[in-house]
Number of protein chains: 2
Amino acid sequence: MGHDPLTYAAAGVSLDAADAAVEAIRPHVARTTRPEVTGAFGGFSGLFALQTDRWRQPLLVTSCDGVGTKLEVARQLGQYDTVGQDLVAMVVDDLVVCGAEPLVFNDYIAVGALDVAAVERIVAGIADACVIAGCALVGGETAEHPGVLAPTHVDIAGFGVGIVERDDLLGPHRVRDGDDLVAMASTGLHSNGYSLARHVVGDLDLAADHGLAEPLGDALLRPTRIYVRDCLALSNQLDVHALCHVTGGGVPGNLPRVLPDGLGAVVDTATFSIPPIMRMIAERGPVEPAEMWRTFNMGAGMIAVVGDGAAAVDMLGDRGVDAWVCGRIIGTTTGVELVGFDGA
Amino acid sequence: MGHDPLTYAAAGVSLDAADAAVEAIRPHVARTTRPEVTGAFGGFSGLFALQTDRWRQPLLVTSCDGVGTKLEVARQLGQYDTVGQDLVAMVVDDLVVCGAEPLVFNDYIAVGALDVAAVERIVAGIADACVIAGCALVGGETAEHPGVLAPTHVDIAGFGVGIVERDDLLGPHRVRDGDDLVAMASTGLHSNGYSLARHVVGDLDLAADHGLAEPLGDALLRPTRIYVRDCLALSNQLDVHALCHVTGGGVPGNLPRVLPDGLGAVVDTATFSIPPIMRMIAERGPVEPAEMWRTFNMGAGMIAVVGDGAAAVDMLGDRGVDAWVCGRIIGTTTGVELVGFDGA
């Protein structure tokens with residue numbers, strides 16, 4: 001055929017761009033470090049020294065998650081600064097529900113074509129969020145999939161490792177009849193339900209407010225709240241029995257995960273301040289209340305199961321987290337009962 | 001507008017299919033378990049009890065990787081049984097290069113539309129490979145991205161955690177002038193260079209052999225070898241100084257990661273038995289030898305840096321791993337020098 005020799009770059013993969021991305025990422029990784037991190041950046045793996053004298057019976061806790069099609073909104077707007085926080089939030093708040101302190105984080109970024117600036121913005125957001133959560137970003141992989149993913153396509157996944165003393169493990173085994181459910185305010189949609197949200201409002205002008213107090217794009221991209229430090233402070237100081245991270249499936253999909261056999265939960269939906277973006281989705285869909293509740297967090301991104309709800313609400317308020325008693329654990333039913341639908 | 005109320009399912013996300021996938025995955029996860037795994041399947045996170053009395057100064061080791069566009073070959077052939085092994089291999093063999101024993105694994109699967117059978121095949125392969133590597137599959141996320149990914153699109157990423165005693169850490173700090181380089185045979189392309197491989201041979205009939213001893217599709221999909229147990233056995237019994245996992249960038253891209261300042265490596269490329277699929281790619285591209293060497297593993301998926309190469313070759317042979325001395329660490333140069341190009 002007589003054509004020139006082929007190279008990996010000609011096939012769509014640029015190792016030089018990959019090297020440039022690694023250099024762009026380096027300073028962001030550096031500012032997340034902890035004293036326990038050892039080994040050089042760019043090794044085959046991330047290393048973290050465990051202080052064995054800090055724990056008697058430590059449990060390693062791992063979690064892995066993505067941010068779903070919220071990334072598509074970021075892509076439409078060309079704003080990649082905030083999805084990193086979404087990713088870290090989804091992972092570390094799954095770790096803290098068992099009482100674990102997050103130690104390290106890894107990220108996976110898949111792109112059609114490597115846009116070094118976009119990857120740097122994503123990793124900068126991940127690094128900022130790792131600092132908020134107190135964990136070190138110790139590794140990751142950026143993969144270019146030319147011809148398989150569209151050039152501007154981006155997907156991200158995150159993976160975290162935490163640790164908890166076995167005796168301090170939170171969960172259904174601690175939950176008692178009469179416990180209070182304390183809801184912690186979300187910042188909005190967080191990172192769940194975007195396929196439905198985009199189906200309803202995705203074709204609207206993202207720069208206009210459509211009756212919201214902000215541009216629709218801002219409401220859709222608002223970063224997921226990170227509850228780790230608030231949850232750890234709460235469980236250190238008060239009688240916390242379990243924590244429920246309200247993600248895909250909403251309150252009725254996630255609260256069963258903290259219920260022991262024989263106990264149920266009643267949640268008063270009228271106590272929730274439903275974020276304006278969710279009211280907009282419910283009206284425009286229209287989406288019925290039961291479907292809204294099993295898709296979105298409806299204003300509460302984390303629910304603590306505690307002995308004394310009022311004390312938890314006070315303490316969270318002092319930390320700047322809007323919180324309220326949203327329901328109770330009861331022995332006369334099983335499963336999760338939502339009461340007080342307001343017709344939203 | 002008078003249309004019916006919208007549901008999450010109508011927006012393309014089926015929570016029922018997600019539940020079915022979880023049930024399909026459950027038995028595969030179960031057979032990877034280890035005594036240290038605690039907590040129920042389906043919790044917010046995976047739990048693993050660390051036996052603190054086994055280690056004095058343990059280092060946690062984490063790694064994250066994908067399998068690149070090899071998945072596109074699996075998609076074309078509708079064969080999802082083997083990519084799980086590729087994924088686990090990429091991750092656990094990055095862990096073992098520092099001497100770490102892999103403990104737990106998490107997977108992330110992103111799909112356009114949830115094909116429960118395909119996801120089950122992928123997870124079954126991951127589980128089989130976790131058993132080979134000796135680690136437990138303790139968590140994962142399957143994400144449906146309707147409208148963003150094509151319905152048949154699949155991407156996967158994996159995350160692993162291992163542990164190593166600080167005094168047993170392998171790496172450049174142990175490497176000495178005169179050390180032997182011992183190559184361990186790969187099974188073929190493993191999971192790197194697929195964008196180039198597919199560019200060259202992707203349009204050919206995958207069912208025909210094109211001069212190979214097997215159908216092209218089989219050669220392209222052959223699972224990545226998992227070296228974990230061989231490497232751990234080698235480092236337990238012999239004087240192993242460092243291990244180099246030969247992935248993206250090939251020998252010249254990865255061997256520098258095990259070189260300390262002031263030492264170099266000479267690799268005799270004539271000692272390699274280059275797999276037929278790579279000879280085919282080099283000829284058909286054409287792809288020049290230097291580009292082949294910095295894209296593919298060229299027949300060696302792992303290289304051990306050891307004091308006594310002959311002993312390592314013997315021991316690996318006894319374990320069924322073809323191995324050979326492929327070069328040496330020398331003090332009179334720096335970087336990696338490839339000699340003996342055979343014009344492949």
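Being a predicted model, the structure only gives us computed values, none of them experimental. Any value given below was found using the heavy atoms of this structure, including those in side chains, with hydrogens, waters and symmetry copies removed. Every chain is numbered from 1, with letters handed out A, B, ... down the list of sequences.
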Interchain contact, [X] with chain B, by part (heavy-atom threshold 4.5 Å):
{"X": "Val138(A)", "value": "side chain"}
{"X": "Leu103(A)", "value": "side chain"}
{"X": "Val148(A)", "value": "both"}
{"X": "Glu141(A)", "value": "both"}
{"X": "Asp107(A)", "value": "backbone"}
{"X": "Ile109(A)", "value": "neither"}
{"X": "Leu169(A)", "value": "side chain"}
{"X": "Ala49(A)", "value": "both"}

Checklist line | Options Ala18(A), Ser195(A), Gly160(A), Ala143(A), ranked by heavy-atom pairs under 4.5 Å with chain B, top entry | finding: Ser195(A)
Checklist line | Top contributor to chain B contacts, counting heavy-atom pairs under 4.5 Å, from Glu72(A), His199(A), His173(A), His145(A) | finding: His145(A)
Note to self: I'd like to know if the side chain of Asp93(A) reaches the main chain of Tyr227(A), judged simply by a donor and an acceptor atom lying under 3.5 Å from each other, with no hydrogens or angles considered.
What the structure shows: yes
Margin query: Determine whether a donor-acceptor pair (N or O, by modelled atom type, separation under 3.5 Å) exists between the side chain of Thr32(B) and the backbone of Leu137(B).
Written below: yes
Among [options], which residue has the highest count of heavy-atom pairs closer than 4.5 Å to chain A?
{"options": "Val91(B), Ile281(B), Val200(B), Asp65(B)", "result": "Asp65(B)"}
{"options": "Gly139(B), Pro146(B), Gly248(B), Cys98(B)", "result": "Pro146(B)"}
{"options": "Leu149(B), Ile163(B), Val104(B), Val164(B)", "result": "Leu149(B)"}
{"options": "Thr52(B), Asp155(B), Thr142(B)", "result": "Asp155(B)"}
{"options": "Arg198(B), His153(B), Arg166(B)", "result": "His153(B)"}

Next item on the list: Kindly indicate, with the supporting measurements, whether the criterion side chain to side chain contact (heavy atoms under 4.5 Å, CB included) is fulfilled by Phe48(A) and Thr62(B).
Entry: CA-CA 8 Å; Phe48(A) 186 96; Thr62(B) 58; over 6 Å; no
Checklist line | By salt bridge (Lys or Arg N to Asp or Glu O under 4.0 Å) - contacts of Arg56(B) (at least two apart) | finding: Glu165(B), Asp167(B)
Next item on the list: Please name all residues satisfying side-chain hydrogen bond (donor to acceptor under 3.5 Å, both in side chains) with Gln51(A), sequence neighbours left out, ordered by chain then number.
Entry: none
Notebook entry, point to check: What is the ring orientation for Tyr108(B) with Tyr108(A), classed by angle as parallel under 30°, tilted 30 to 60°, or perpendicular over 60°?
Noted result: tilted
Margin query: Does this structure show an ion pair linking Glu288(A) with Arg294(A), if we count only N-O contacts that are shorter than 4.0 Å?
Written below: no
Next item on the list: Taking atom types as modelled, find out whether Thr247(B) and Asn192(B) have a side-chain donor-acceptor pair closer than 3.5 angstrom.
Entry: no
Note to self: So, taking the atom named CZ in Phe159(B) and the one named CZ in Phe105(A), what distance separates them when rounded to the nearest 0.5 Å?
What the structure shows: 8.0 Å
Item checked: Close side-chain approach of Val154(A) and Ile156(A), heavy atoms under 4.5 Å -> yes
